[in-house]
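Some notes on the structure that comes next.
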Amino acid sequence: MLELRNRLAESIVDFLKENGIDPEREEIIAQFKKPDNIKFGDIAFPVFRYAKDFKLPPVNIGKMIKDYFESNPLHEIEKIEVVGGYVNFHVSPEWMFESLVQRVKERGDDFFKTDILKGKTIIVEFSSPNIAKPFSIGHLRSTVIGNFLRNLFKALGANVIGINHVGDWGTQFGKLIIAYKLWGDEKEFKKDPVKHMFSLYVRFHKEAEKDPSLEDKAREAFARLESGEELERELWKKFRKHSLKEFEKTYKRLNVEFDQVIGESFYSGKIESVVNLLEQKGLLEVSENALVVKLDDYNMPPCLIKKSDGSTLYATRDIAAAIYRKERFNFDKMLYVVGSEQRLHFRQFFKVLEISGFEWARNLEHIEFGLYRFKDGKMSTRKGKVIFLEDVLDESVDRIRKIMKEKNPDLKEKEREEIAEVLGVGAIIFNDLKNDRIKDVHFSWEEVLNLDGDSGPYIAYSYVRCNGILRNAREVEEGFVPNFTHNSEVLLVKKLFEFSEIIDIAYRNRKSHFIANYLLELTRSFTTFYHNCRVIGENKEVSSFRKTLVKLTLITLKSGAELLGMRLPDRM
RNA sequence: GCACCUGUAGCUCAGCAGGAUAGAGCACAGGAUUCCUAAUCCUGGUGUCGCAGGUUCGAAUCCUGCCAGGUGCACCA
């Protein structure tokens, strides 16, 4: 469609030039619009703004453009209509179908992939849970959004490095160490390490309200950890090991992989060189006994580099990590998938890098997203007010399992289990990715687990039907000659054709909801087609053509779901 | 207090490099199954696009101000 727009724009530029107007092609392309209603065609060009130049009503100009195209016709265009001030181009569905088929013949299942990012190295830092805390539904967002971006950039040909920047360093570990020393229970820990650590963490904050000296003790404990004291180090290793093992299970369920899992602790040895560098550049100042970089000139509060007790902070480690990664991977872009509440933090350390002379700092992006919130406010790990992701996934799988028993009782137990897992987890992933990530998600079990309408299972169901048809229509040969006999076929082909453009939009905005919504629309187009057009039992030409439409729908649904990181079952 | 984000149908949300009567899902009512899985499809919308100005041939979309909710603003991450 992009190429077609280019060609249309070129013709319009020629036409306008003949009439003494000299616009850029890009300018024309920007004016193209996708009509709200399909009856107005596929590409619309509004001509209102030229009324003054031509000293004619828009309709007349539209007619002139139409005439121009009719004397220089494009085979991709089936029909041109002038309505009001618009020139509406109706793209030939036959041409769309043939282009799609051609593409699939050439590229197979990779038909939607491109190489626009070939040769580029892109780092996506995502998930990054705190290993002192359990994996809550709050961590789901960074995980699935990051995974989506990793998939997307890969599909566009980039060399992508997905990094799980595990939160395994910081004062929180001081807290955990103190709490473990005071109230830790070896037996409880062995039984369920993560839950036990969580209860210690919550208890720490509760007790610290009564006894604020605990906070100081925690900071001291972290300082000892950072300076390499044996006892603290051992405890830390123990906490870390068990947490990572636990997280691994969750990642497996979510079908998420990382190219690198490096904790913040990894950078603790690289802090001094950062401090020295900032010192050299004359950016470092002592303020209230701490080391800071002042950012007054950029309308930001100072960025804290070292606490007054000499231990490091989040920002320091992020700066060290960025420099390290630039040296190691020489990335073209680095994206941080982290909640929007940390926006200031990112602006600050991006700026510190920039004024330190690292020009590549402008290739850093904070991919922010809204947080999960309850009716009565924010989730808080500290207060123990948190929903565990595992519980959400289990509940979702449970619900699916029940529905499956009802709808398809003939499935074997083992197969049903596998499919319920795929559908249940997929439903949660889809639910998270279907809305603009910038918005907060109001958590309610009802909504997260809602399986009606705009949901993962809805898409999966269409996919399953496609598979069913292909299984039952083995005898039918695929047909590559367009043979439209019903309007729903035309609408389906047009929807299928949109896919590449949607990928482009999702890429430019780094947002998954464009793809999620597209998949819902495609599914709707398909089910309408499904209800109106049978594949099996029609004459040869019709059956063959329709079989190919089903095949195209199948691979498009699969590809879109793959980008989102959602698996689809062959039956359900 | 300052900065940023959000505000669209009863609810959850699309649409916002300006463009045609502002669209989905849920909920509610009715209908469709001799036929590729009815987890489906079809029919039914009188919405102050938070409010008020401005720019424009044209504003949900851009600008300004205000209101509401959220987030952040030095030793947490």
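Residue numbers start from 1 in every chain, and the chains themselves are labelled A, B, ... in the order their sequence lines are given, proteins ahead of strands.
- For the C1' atoms, the distance linking B/A27 with B/U12 amounts to 11 Å, nearest Å.
- At a threshold of 4.0 angstrom between heavy atoms, the contacts of A/R508 include nucleobase atoms, whether or not backbone atoms are also involved.
- For A/F346 and A/Y336, the gap between ring centers is short of 6.0 Å.
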Exercise for review: Quick one: the dot-bracket string of RNA chain B, using Watson-Crick and G-U wobble pairs with both distances under 3.5 Å, [ ] for crossing pairs and | for bases paired to another strand.
Suggested key: (((((((..((((.....[...)))).(((((.......))))).....(((((..]....))))))))))))....

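- For the pair A/K33 NZ and B/G18 P, the interatomic distance rounds to 12 Å; values are reported in whole Å.
- Residue A/L313 is in sugar-phosphate contact alone, with no base atom involved, counting any heavy-atom pair closer than 4.0 Å across all strands shown.
- For B/C4, neither phosphate oxygen OP1 nor OP2 lies less than 4.0 angstrom from any side-chain nitrogen or oxygen of A/R347.
- Within the nucleic acid shown, A/P58 has no heavy atom closer than 4.0 Å to any nucleic acid atom.
- Seen from the ring of A/F266, A/K270 counts as a face-on cation partner, given the 6.0 Å and 45° thresholds.
- Among the nucleotides B/C36, B/A77, B/G25, the one closest to any side-chain atom of A/R524 is B/G25.
- Closest approach to the A/V83 side chain among B/C57, B/A20, B/A74 is made by B/A20 (side chain taken as heavy atoms from C-beta onward).
- Just one of A/E406, A/E421, A/E417 meets the side-chain hydrogen bond (donor to acceptor under 3.5 Å, both in side chains) condition when paired with A/R401; it is A/E417.
- One can place CG of A/L371 at 11 Å from C1' of B/G72, the figure rounded to the nearest angstrom.
- Among the atoms of the strands shown, base atoms are found under 4.0 Å from some heavy atom of A/A290.
- Counting non-hydrogen atoms under 4.0 angstrom, A/K34 reaches nothing in the nucleic acid.
- Side-chain to base pairing of A/N88 with B/A20: one donor and one acceptor N or O lie within less than 3.5 Å of each other.
- For the pair A/F40 and B/A20, the ring geometry qualifies as stacking, because the centroid separation is below 5.5 Å while the planes lie within an angle under 30°.
- On the C1' atoms, B/G47 is 11 Å away from B/G23, given to the nearest whole Å.
- In this structure, A/L520 places its CG atom 19 Å from P of B/G23, rounding to the nearest Å.
- In this structure, A/R373 is not positioned above the aromatic face of A/F443 in the sense of NZ or CZ being under 6.0 Å from the six-membered ring centre and within 45° of the axis.
- Among the atoms of the strands shown, none is found under 4.0 Å from any heavy atom of A/G84.
- Using cut-offs of 30° and 60° on the angle between ring planes, the pair A/Y530 and A/F526 is tilted.
- Here A/S340 does not reach the OP1 or OP2 of B/C5: none of its side-chain N or O atoms lies under 4.0 Å away.
- Between A/R474 atom CZ and B/C36 atom P the separation is 16 Å, expressed in whole Å.
- Side chain of A/E264, nearest nucleotide from B/U6, B/A77, B/G70: B/A77.
- Close to B/A39, at under 4.0 Å from its OP1 or OP2, lies no side-chain N or O of A/R465.
- Taking atom C1' in both B/G53 and B/A59, one finds a spacing of 13 Å when rounded to whole Å.
- Of the side-chain N and O atoms in A/Y372, none sit less than 4.0 angstrom from OP1 or OP2 of B/G70.
- In this model, the phosphate group of B/A77 is not approached by any side-chain N or O of A/K133 to a distance below 4.0 Å at OP1 or OP2.
- Rounded to a whole Å, the CG atom of A/D36 is 14 Å from the P atom of B/G18.
- Here the P atom of nucleotide B/C57 and the CZ atom of A/F54 are 18 Å apart, to the nearest Å.
- Ring orientation note: the planes of A/F173 and A/W236 are nearly perpendicular, at an angle over 60° on the 30°/60° scale.
- For A/N37, whose side chain is taken as the heavy atoms from C-beta onward, the closest listed nucleotide among B/A77, B/U21, B/C73 is B/U21.
- If you check every strand for non-hydrogen atoms under 4.0 Å, A/A44 touches a base.
- Contact of A/K407 with B/U40 (side chain to base): no donor-acceptor pair of N or O atoms is detected under 3.5 Å.
- As rounded to the nearest Å, B/U6 and B/U64 have P atoms that lie 14 Å from one another.
- Environment of NZ in A/K551: sparse, with no more than 12 heavy atoms of neighbouring residues, nucleotides or ligands closer than 6.0 Å.
- For the C1' atom pair drawn from B/A32 and B/A52, the interatomic distance equals 50 Å after rounding to whole Å.
- Between B/A22 and B/U48, the distance separating the two P atoms is 13 Å to the nearest Å.
- Counting non-hydrogen atoms under 4.0 angstrom, A/H513 reaches the backbone sugars and phosphates but no base.
- Atom C1' of B/C16 sits at a distance of 7 Å from the matching atom of B/A60, rounded to the whole Å.
- The side chain of A/T171 places an N or O atom within less than 4.0 Å of a non-bridging phosphate oxygen (OP1 or OP2) of B/C76.
- Contact annotation for A/T528: backbone-only contact, meaning every heavy-atom pair under 4.0 Å involves sugar-phosphate atoms and none involves a base.
- A sub-4.0 Å separation between OP1 or OP2 of B/A38 and a side-chain N or O of A/Y530 is present.
- A/R203 forms no cation-pi arrangement with A/Y201, by the criterion of a distance under 6.0 Å to the ring centre and an angle within 45° of the ring axis.
- Residue contacts for A/P301: at a heavy-atom cut-off of 4.0 Å it reaches the sugar-phosphate backbone alone, with no base atom in range.
- If you check every strand for non-hydrogen atoms under 4.0 Å, A/E521 touches nothing.
- Using a 4.0 Å heavy-atom cutoff across all strands shown, A/R343 reaches sugar-phosphate atoms only and no base atom.
- In terms of phosphate contacts, A/K439 brings a side-chain nitrogen or oxygen within less than 4.0 Å of OP1 or OP2 of B/A14.
- Residue-level contact check: A/K434 touches neither bases nor backbone, having no heavy atom under 4.0 Å from any strand.
- Distance alone, capped at 3.5 Å, places no donor-acceptor pair between the A/S308 side chain and the A/A290 backbone.
- One interatomic measurement links the two molecules: CZ of A/F222 to C1' of B/A77, which rounds to 11 Å at whole-angstrom precision.
- A ring-centre distance under 6.0 Å is found for A/Y267 and A/H165.
- Within 4.0 Å of A/D436, counting heavy atoms only, lie sugar-phosphate atoms of the nucleic acid but no base atom.
- Considering only the side chain of A/D454, B/A24 comes nearest among B/A24, B/U71, B/C41.
- Applying the 4.0 Å criterion to OP1 and OP2 of B/A77, one finds that A/H165 has every side-chain N and O outside that range.
- For the OP1/OP2 pair of B/G18 and a distance below 4.0 Å, the side-chain nitrogens and oxygens of A/R49 include no atom meeting the criterion.
- Atom pair A/E27:CD and B/A17:C1' shows a separation of 13 Å (rounding to whole Å applied).
- Across B/C26, B/C36, B/C73, the shortest atom-to-atom separation from the side chain of A/V535 is found for B/C36.
- Taking only side-chain atoms of A/S287, from C-beta outward, the nucleotide of B/C57, B/A74, B/C36 with the closest atom is B/A74.
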